[in-house]
Amino acid sequence: MLVIVCPHCGPRNSDEFTYQGERKPRPEVSTTDAAEWRRYLYMKANQGGWATERWFHGSGCRRFLMLERHMSTNEIRSVSQVGETK
Amino acid sequence: MAELTFHDRSDVPKWRVFEGYEVRPGTSTGSGGDLVWSVSPGEWTALGGQPDGEVVDLTHVRSMFRLTGEQAATLINRVCALDLDDGMFPSGAAARTLFAGVVTELVRDDVDGAPSYLILPSRSFGTYLRRVIEDAGAEFQLRLDQVR
Amino acid sequence: MSGFRTPPQAGEVIDRSRTVDFEWDRQSYRGYEGDTIASALTAQGEMVFSRSFKYHRPRGVLTATYHDPNLMVQVGDDPNVRAGHRRIEPGMVVEPQNVWPTLDFDVKASNRLVGRFLSPGFYYKTFMSPRPLWPAYQKVLARFAAGGRVGPERRTERYDHRHAHPDVLVVGGGPAGMAAAIAAAESGASVILVEEEPYLGGHLRYGTAADREVCDELISRVRSIADLEVMTDSVVAGRYDHNWVAVVQRDVSGVSERLVKARVKTLVVAVGTLERPYVFKGNDLPGVMLSTAVRRLITLYGTSPGERAVVLTANPSGDAAVADLERVGVAIEAVLDARSGVTVLEAGGTGAVTSVLDSRGNRHDADLLVTATGWTSPTLLLNMAGDRPRYEPTSARFIPTDLPDDVLATGGIVGDGSVDELVAHGTATGTEAGRRALTLKATWQRLAPAGRSMDPPPQDPLDVPSLSHDPHPEMFRSSTHGFVDYSEDVSSKDLIAAAKEGYDSLELAKRYTTAGMGPVQGKVEAVNALAVHGEATGASLLETATTTWRPPYAPVRLGTLAGRRYEPVRHSPMQPWHETHGAKPLAAGQWIRPEHYGDPAEEVRAVRKGVGIIDVSPIGKIDLRGGDVPKLLEFVYVNKWSKLSIGKVRYGVMCGEDGVILDDGVTGRLAENHYMMSTTSGGAGTVWNWLDEWLQTSFPNWDVRVTAVTDGYASINVAGPRSRELVGRLTDIDLSPDAFPYMEVRTGTVADVADCFVWRIGFTGELSYEVHIPAGHGLEVWGALLDVGADLGVRPFGVEAQRILRLEKGHLIVGQDTDGLSQGFGMGVDWAIKLDKADFAGKPELVWQGEHGQYPHLVAIQTSEPELVPPEACQIIDPDGTIRGRITSSRLSPTLGRSICLGQVDADLDRPSQLLTIKLPNGTTTPARVMEHHAHFDPEGGRARG
Amino acid sequence: MTTREKFSAWGLLRHGLSRSPWERMWDHHDLAPSYDVVIVGGGVHGLATAYYLARNHSITNVAVVEKSYIGSGGSGRNTAIVRSNYLTPEGSRFYDRSVELYEGLADDLNFNVMFEQRGHMTLAHSDSSLRTMRWRAEVNKLEGIDSSVISPEDVKQLAPFLDITDHPRYPILGALWHPPGGIIRHDAVVWGYARAAAALGVHIHQETEVTGIDIAGGKVTGVQTSRGAIATGTVVNCTAGWASLIAAMADVTLPITTRPLQAAVTEPVKQFLHPVIVSGSLHTYVSQTSRGELVFGASVDPFASYSTRGSLEFATGLATHVLELMPGLANMRLLRQWAGLCDMTPDFGPVIGPTTTPGFYVDVGWGTYGFKAGPVAGESVADMIANGRPGELIAPFGLDRFEAGTLTAEKGAAAVGH
């Protein structure tokens with residue numbers, strides 16, 4: 001059980017949050033093609049080391065958050081609300 | 001040690017308000033019947049009379065229990081992971097968190113110095129949560145009043 | 001008969017004034033309160049406690065602790081109980097495990113004779129052919145199964161959980177641990193101190209008088225501190241990410257065991273060391289014991305394990321054992337001081353030790369061989385914290401290397417020293433642990449919205465003195481071979497053979513020989529296995545090796561892990577009525593709903609002929625406010641919403657970005673900037689999150705406020721030709737068709753309850769009104785409808801009747817008639833998809849779906865045999881067996897008196913009267929045809945609009 | 001090419017009497033400067049691929065490169081369940097071939113992999129899961145697979161410890177019963193393939209980590225390892241949880257996220273459970289080994305990670321669910337927990353075939369089904385490399401299906417996996 005320090009709620013257990021993982025920007029619908037759209041839907045870097053990912057604090061403030069987490073140690077070095085850089 | 005008491009206050013009017021309060025998320029103001037708290041930016045819950053402006057009536061959306069006594073935090077921590085230490089969650093603190101697996105709002109509103117918590121699950125979980133508190137409270141000789 | 005009860009010992013933990021009678025192997029025994037099963041039986045001269053896993057060799061006391069591989073017994077219906085740890089209780093029934101027919105005479109012991117053929121992994125090399133015999137071989141292998149017995153009955157013990165948030169948690173109640181706990185507490189931290197034994201003190205307990213003095217003094221200080229919680233007879237099972245620490249509390253009142261889930265700011269590991277056995281011929285004979293076992297038995301339990309002893313000692317613990325044995329009058333046949341080069345070659349004897357052969361060629365008669373050949377560091381908690389302990393040759397054991405900031409170690413696991421030095425190290429470590437914990441505490445209180453600000457402790461880390469490492473001979477195996485893993489019967493020969501066969505990394509060798517897989521998890525044998533494997537591979541493995549430990553530190557009961565069974569369930573406000581009126585409960589997600597009240601078919605007829613009411617409270621209700629709500633609706637639904645005027649409701653379908661149908665439902669406009677969205681019961685949470693996700697991540701500036709109000713309303717669908725009449729009797733809303741047409745919404749009072757809203761829609765295809773009442777009044781309105789409608793023949797109907805009614809109308813259920821790959825087109829809602837909208841969730845996928853056109857179609861199906869209801873999920877096939885579709889819903893229609901279905905079929909089969917072949921579970925097939933309309937009943941829909 | 005001494009009861013007897021050592025299972029080799037095929041990952045997929053390349057296609061100049069010891073990844077961490085009752089025809093067909101190969105593996109490899117076909121039971125706790133069970137059973141039957149839906153009474157018959165009484169929350173309404181399913185010694189499968197492949201001349205390089213993949217003119221030309229460089233025109237990525245990291249070395253992006261999958265084992269008790277029990281709704285599967293231990297598995301962790309440390313919430317959740325199914329086991333003790341890394345795809349189907357980088361093949365995306373598929377995946381990949389194109393069995397599982405939008409339909413069955 002990780003501790004995620006929510007910018008609104010403070011330190012909380014990770015089971016209050018839903019993991020959404022890597023997110024790509026949504027392609028422009030009027031101009032997108034299948035290849036681009038499905039890369040957006042399905043393809044993942046799935047990198048090691050530090051990764052940026054989205055979580056949803058569904059059992060807390062219900063805000064969507066961006067985390068920087070280390071994929072091997074699960075250490076978390078930053079949490080911020082989507083759209084607001086820390 | 002003061003005994004642990006449980007009261008069902010579900011009938012108290014509760015309102016979702018979207019503006020007009022300075023209360024920060026995770027905190028509350030007032031006490032008892034005129035509490036106002038926030039657990040998320042841009043939304044507040046107010047008890048008592050209907051506030052001005054745009055409101056959503058939450059009276060029937062949430063149950064509301066009040067658990068009072070020195071042992072209240074110990075009981076809550078049987079089923080809820082929140083750190084209720086006075087330094088982290090003093091009287092006046094508010095949170096939405098998991099309580100026995102159910103998303104629940106928790107507001108600490110001490111009564112004459114005795115630790116006291118308002119527990120607000122979604123109404124459909126009310127019966128379940130009552131049973132949980134009853135079961136977990138057995139070891140604290142919790143007295144469940146018959147108010148319903 | 002060799003063990004006996006000694007005169008009272010200064011440090012003993014037994015109460016000789018209170019005897020305890022219990023049963024072992026069907027005979028009665030008497031011990032003292034405080035005795036372990038092992039100490040009580042040893043005092044009675046018992047030496048054999050179990051038979052080994054593979055060769056069924058007799059086994060006796062080795063470590064006399066929880067981790068003794070030879071002391072697994074059955075207590076009542078509790079299997080694999082540790083006789084070296086479990087205290088005796090009056091009437092306790094203890095039985096040996098893994099013996100047949102008896103402990104003394106064990107038939108499988110003959111395995112010993114064939115032992116040479118049961119080489120490691122022998123089963124991989126045989127039992128292969130003839131293949132038909134393999135099942136028989138399996139039965140043979142299954143007889144090897146070790147361990148105790150369990151039964152199928154639900155158990156009555158009570159377990160529970162507790163969340164704790166100590167600043168500091170200290171693992172281990174020895175001198176260093178106690179000192180650390182005291183120092184941390186004195187620095188202002190809240191502390192939990194966990195000790196595996198029922199008493200604090202660690203090795204001081206069975207040490208010298210001076211040791212016990214220090215011990216008692218530390219204990220009284222520990223007990224005197226308010227903010228220091230002591231948990232004895234408790235074990236730290238594991239340290240997980242972010243210092244989430246699991247403590248199993250055994251000595252807790254009210255419950256059998258409690259799992260404490262502790263979020264620890266600083267963890268102090270003071271677990272000491274475990275004594276290591278020595279590998280030599282006969283090293284598993286009853287009567288061969290570790291020095292710490294002997295010292296515990298004598299000093300703690302006033303029990304002597306033998307009469308004539310040989311002691312092999314390489315360290316002070318062995319020397320202390322000699323002193324203890326002499327003190328209680330055990331004859332010391334020989335002291336073999338390994339530090340002077342002498343060692344043991346063989347323990348002789350069949351059922352137990354009778355003689356000992358040393359490396360100088362002398363054979364000594366003895367019934368007890370005590371070994372003190374080194375220490376194993378139980379590094380599990382450190383490994384779990386990311387540490388890779390390093391082997392230290394001079395002291396012949398593993399020590400911590402680099403720990404994360406939130407974990408500290410002290411005491412024997414770090415190094416050696418006098419009691420004073422250990423206490424000093426513990427004190428310094430505890431103070432530093434407190435400092436780090438309070439630093440984090442200050443941070444967390446600052447980050448907690450209502451947290452109180454506190455002065456952070458001093459920033460400069462305290463310099464913890466290092467502990468020395470006493471030189472110790474590297475003793476693992478003598479020149480003879482013996483057992484390395486007692487629970488698995490793995491010998492040093494086996495490990496060497498495995499390496500020679502190619503299993504030449506330790507992990508492979510362990511997997512192949514199963515060394516370390518047994519109930520003590522390699523705690524006792526880990527280092528010996530490393531060393532022996534190192535011999536075989538020539539590699540000096542130890543220097544490079546890290547022992548792998550997997551949690552939990554000690555086995556944990558499933559009951560303890562599970563705790564109380566709290567399964568969240570949701571109830572509608574009308575649940576009390578359902579329960580008292582014979583409703584059959586149906587679990588629909590977390591909701592408990594009435595499936596029916598006895599006769600679903602009758603319920604269906606009531607709705608078609610007269611009027612029925614159903615509790616649909618679980619339907620998701622989301623309150624939407626703000627000027628930009630239409631924009632939101634336009635985006636999340638595939639259909640158009642811009643021109644929804646006040647009082648109107650509209651059906652909508654939502655798709656994910658992959659074009660797959662996510663949910664459906666109706667949304668109504670209650671006021672200028674106020675909408676009410678309904679979702680499926682199962683989809684309520686998903687849709688709520690879906691709306692918030694788009695608003696927060698893509699449209700943060702839209703003027704929309706979303707509030708989930710599902711539980712705020714008791715929802716009752718009043719359905720049937722006479723529903724208008726029934727609802728009309730209770731509401732102030734004008735229900736006349738012109739005033740309140742189909743697909744519209746009104747607000748008003750129902751049965752004198754204000755603030756209700758009613759929409760004229762219905763899943764059933766009948767004239768119906770969905771009444772949403774403030775939940776607190778649901779029960780009374782439900783009752784009122786039944787009362788005032790009695791003359792109309794109103795009756796409640798359940799989910800099953802509703803399923804039938806909707807199927808008669810061909811209404812799809814998302815997730816049943818659609819699946820994880822069902823995109824918007826083909827499922828009967830094509831009419832709703834508006835690709836001319838600039839954008840909406842999933843639009844591109846729907847555009848391409850429309851273009852390629854190859855997708856399953858949902859169609860209504862009727863079998864040629866009207867009586868025959870093909871079970872849902874039956875496949876629709878071509879003559880050659882190719883799958884062309886499947887039945888997604890099927891029921892017998894009481895209204896039409898025949899079976900009706902919905903199903904998915906390949907596009908080319910979606911033609912009215914197209915013949916289909918349905919394969920039934922019994923292997924036969926049955927003909928069916930595709931219907932013109934999805935609705936089997938009232939395709940024109942006149943009844944609902946009426 | 002060396003030959004291996006035959007294992008048999010007589011061999012056992014002879015070695016027992018003479019106390020002579022057995023031959024080595026596989027030998028150490030220096031890295032050869034070049035190989036025809038380099039397989040990255042010494043698990044069951046990699047080793048099976050090597051074995052079938054050599055046995056079926058006489059391609060023996062093959063290296064299996066493993067960064068740790070063979071079977072140290074998912075192959076040695078899974079719960080060793082084998083079955084073929086999948087939801088889709090392509091899935092069932094594929095896994096059915098795998099079961100077939102497993103049934104003959106001991107003879108084929110002359111190494112007893114201890115495949116115990118105890119039967120595989122997937123419990124249904126709701127109408128919808130019962131519907132899914134029937135769906136799977138009906139598809140399976142059409143593929144000739146022994147699979148059917150059985151009643152609670154049959155369930156009780158086959159597994160008396162299961163509580164079929166009326167729970168409010170998770171009643172047992174029936175089950176999908178699959179007699180050919182069972183458990184196997186996962187390590188033995190790895191060792192058997194390694195031994196047989198080595199006997200045919202394949203080089204197995206343990207403790208050899210791939211650090212880079214050489215690409216020239218857009219094609220694979222070699223592999224960089226911690227022990228030196230290897231020239232090769234053909235690289236097969238069989239690294240499961242690490243698949244994305246290896247693929248990135250060849251400029252290939254995959255539709256994969258790495259999720260830990262945890263498992264646990266209890267202390268042994270006397271035999272009481274014969275079949276493999278699975279509950280999809282409770283994300284739990286249970287089997288009892290011939291040693292008497294219960295082996296538990298669950299669903300993948302709630303978030304992606306390359307950590308195999310495991311979690312407490314796995315153990316607590318698991319215990320809760322197991323006791324929901326078998327309330328008699330409350331005082332059995334959990335002995336050991338661990339985690340493996342699963343390469344999860346959006347449609348729960350594997351990614352197997354060529355990639356956009358010529359010479360770089362993938363056999364990944366197996367998620368929680370990898371072990372079950374080992375033999376048939378090895379056979380198919382070997383066939384693909386020998387013939388230059390994917391065969392019929394694996395055609396539906398190409399990497400290109402994601403851009404084409406033709407996902408496989410295992411999604412429906414995934415919820416009731418294992």
Side-chain angles (χ1 to χ4, degrees), chain C residues 78-80 116-117 122-129 131 138 141-142 145-155 157 238 240-241 244 246 384 497 500-502 505 507-508 511 519 521 550-552 555-559 561-562 567 585 587 592 819-821 871-875 881 883 919, chain D residues 7-9 11-13 15-16 21-22 24-26 69 72 89 106-107 111-112 116 126 128 131 134-135 138-139 142 160-161 168-169 187-188 267-272 290-292 309 311-312 315-316 319-320 322-323 327-338 405 407 409 411-412:
Chain C
D78 199 358
N80 306 331
R116 63 162 64 173
F117 306 113
F122 71 94
Y123 30 78
Y124 298 132
K125 298 195 177 88
T126 180
F127 296 155
M128 274 170 286
S129 52
R131 208 199 286 179
Q138 288 174 35
L141 289 173
R149 304 176 314 266
V150 290
E153 309 75 25
R154 178 176 295 279
R155 309 204 49 84
E157 300 91 350
Y240 299 88
D241 287 345
W244 183 243
M384 290 183 83
K500 287 206 166 71
E501 275 184 63
S505 81
E507 284 307 312
L508 281 176
R511 284 169 175 270
Q521 286 296 288
R550 281 169 170 171
V556 185
R557 284 181 183 172
L558 298 183
L561 289 168
E567 240 338 308
I592 304 300
D819 58 54
L821 290 179
E872 289 166 352
C874 280
Q875 300 297 297
I883 295 171
K919 184 161 179 302
Chain D
F7 285 154
S8 70
L12 210 60
L13 193 61
H15 282 275
W22 294 88
R24 288 182 61 84
M25 297 280 290
W26 43 80
Y69 60 93
S72 54
D107 287 346
F111 197 80
N112 192 347
E116 302 185 31
S126 70
S128 59
R131 195 179 303 117
R134 198 177 296 110
W135 186 356
E138 291 310 302
V139 172
L142 286 165
F161 272 56
R169 203 60 189 78
D187 290 330
E267 293 176 350
V269 292
K270 299 287 179 256
Q271 296 290 330
F272 70 90
S290 49
R291 291 164 46 86
R309 278 188 304 278
S311 67
L312 175 63
T316 52
T320 309
V322 168
L323 294 183
L329 306 185
N331 55 10
M332 276 192 80
R333 291 173 181 80
L334 191 95
L335 180 60
R336 182 166 78 241
Q337 74 176 95
W338 65 90
L407 274 52
K411 249 180 170 168

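In this text the structure is predicted, and so the values were computed from the model without any measurement. Note on naming: letters A, B, ... go to the chains in the order of the sequence lines (proteins, then strands), and numbering restarts at 1 for each one.
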Closest heavy-atom contact between C:A562 and D:L323?
CB-CD1, 3.8 Å
Just give me the residue among D:V139, D:L142, D:V269, D:T320 that pairs up with chain C most often, heavy atom to heavy atom, under 4.5 Å.
D:V269
Would you call C:R511 and D:Y69 a side-chain contact if the rule is heavy atoms closer than 4.5 Å?
yes
For D:W26 against C:G502, the heavy-atom pair lying closest together
NE1-O, 3.4 Å
Heavy-atom distances under 4.5 Å only: say whether C:L508 touches chain D with side chain, backbone, both or neither.
both
Who wins among C:P551, C:A246, C:P519 for the most heavy-atom pairs under 4.5 Å with chain D?
C:P551
Side chain / backbone / both / neither for D:L329 at chain C, heavy atoms under 4.5 Å
both
Rounded distance (nearest 0.5 Å) linking atom CG of C:L561 with atom CG of D:L312
7.0 Å
Under 4.5 Å between any side-chain heavy atoms of C:P555 and D:L334, yes or no?
no
Between the side chain of D:K270 and the main-chain N/O of C:G147, is any donor-acceptor distance below 3.5 Å?
yes
Is D:N331 close to chain C through its backbone or its side chain, or both, or neither, when contacts mean heavy atoms under 4.5 Å?
both
Using 4.0 Å as the upper bound for N to carboxylate O, is an ion pair formed by D:R333 and C:D78?
yes
Output yes when a side-chain donor or acceptor of C:N80 lies under 3.5 Å from a complementary backbone atom of D:P268, and no otherwise.
yes
Give, as side chain, backbone, both or neither, the part of C:E567 having an atom under 4.5 angstrom from any heavy atom of chain D.
side chain
Please tell me if the side chains of C:K919 and D:E138 come closer than 4.5 Å, counting only heavy atoms from C-beta onward.
yes
Flag side-chain contact, heavy atom, 4.5 Å: C:P79 against D:E267
no
Given that the side chain runs from C-beta out, which part of C:E872 has a heavy atom under 4.5 Å from chain D: side chain, backbone, both or neither?
both
Distance (rounded to the nearest 0.5 Å) between D:Q337 CD and C:Y240 OH
4.0 Å
What heavy-atom pair brings D:A319 and C:L558 nearest, and what distance separates the two atoms?
CB-O, 3.4 Å
Options D:S72, D:G328, D:G405, D:A315, ranked by heavy-atom pairs under 4.5 Å with chain C, top entry:
D:G328
Side chain D:R336, main chain C:P552, donor-acceptor under 3.5 Å:
no
Among C:C874, C:A873, C:P152, C:G148, single out the residue with the greatest number of heavy-atom pairs under 4.5 Å to chain D.
C:P152
Side chain proximity check, D:S311 to C:D241, heavy atoms < 4.5 angstrom
no
Side-chain contact, heavy-atom cut-off 4.5 Å: D:F272 with C:R149?
no
Between C:M384, C:K500, C:E157, C:Q521, which shows the greatest number of heavy-atom pairs under 4.5 Å with chain D?
C:Q521
Given C:D819, C:I883, C:V150, the one with more heavy-atom pairs under 4.5 angstrom with chain D than any other is C:V150
